[in-house]
Amino acid sequence: QVQLDESGGGLVQAGDSLRLSCVVSGRTFGSYAVGWFRPAPGKEREFVAVITWSSGGTSYADSVKARFTISRDNAKNTVYLQMNSLKPEDTAVFFCANRRFVSGQFNSWGQGTQVTVSS
């Protein structure tokens, strides 16, 4: 499994922006895509966004599609999540995770970075 390290969380007010970073290290050849997740009621994790290293193809949860942008810098082995127009309901620990193949499970997780949005 690869290692992932999230950063960029913090305390902001509603309407503000944050950019999260996820640095991927270790066996980076074992990473096809990196996704962002956060806890959800009754679920271990809620999908937020995902991006592939090769094509940069992206996918978003409907709840964030108009506000969040995922991107990657292949040279830095880093995936970003630009979050605009943050809402208090976005408050959560955000995790990045690795998917080894074109499809399937996310097999490695970072420790998370706390995003807190005040009203």
### Query
Other than L11, what residues sit in its cluster of Ile, Leu, Val, Met, Phe, Trp and Tyr side chains whose heavy atoms are under 4.5 Å apart, directly or through others?
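Direct or chained contacts put L11 with none.
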Holding to side-chain contact (heavy atoms from CB on, under 4.5 Å), I want the full list of residues that pass it with [X], two or more places apart in sequence or in another chain.
X: K65; result: Y60
X: S108; result: Q1, V2, L4, N98
X: D16; result: V12, Q13

### Verify same cluster id: F47, F95 (apolar side-chain graph, 4.5 Å)
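Shared cluster, yes.
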### F106: partners by ring pair (Phe, Tyr, Trp, His ring centres under 6.0 Å), with sequence neighbours left out
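By the ring pair (Phe, Tyr, Trp, His ring centres under 6.0 Å) rule, F106 matches F37.
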#### Entry: Side chain proximity check, R67 to D90, heavy atoms < 4.5 angstrom
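In contact.
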### Query
So do the side chains of W53 and R72 get within less than 4.5 Å of each other, counting heavy atoms only?
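Yes, at least one pair of side-chain atoms sits under 4.5 Å.
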Donor-acceptor list for residues 78-86 side chains, cut-off 3.5 Å, not counting sequence neighbours:
{"from": "T78", "atom 1": "OG1", "to": "K76", "atom 2": "O", "distance (Å)": "2.8"}
{"from": "Q82", "atom 1": "NE2", "to": "N84", "atom 2": "OD1", "distance (Å)": "3.0"}
{"from": "N84", "atom 1": "OD1", "to": "S17", "atom 2": "OG", "distance (Å)": "2.8"}

### Message
On a heavy-atom basis, which atom in V50 and which in R99 lie closest, and how many Å separate them?
### Response
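For V50 and R99, the tightest heavy-atom pair comes out as CG2-NH1, 4.1 Å.
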### Query
Atom CH2 in W36, atom CD1 in I51: separation rounded to 0.5 Å?
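Going from the CH2 atom of W36 to the CD1 atom of I51 covers 12.0 Å.
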### Query
So does R45 have more than 12 non-hydrogen atoms from other groups sitting under 6.0 Å from CZ?
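Counting other residues, nucleotides and ligands, CZ of R45 exceeds 12 neighbours.
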### Task
Please check if the side chain of E6 supplies one atom and the backbone of Q111 the other of a donor-acceptor pair under 3.5 Å.
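Such a contact is found between E6 side chain and Q111 backbone.
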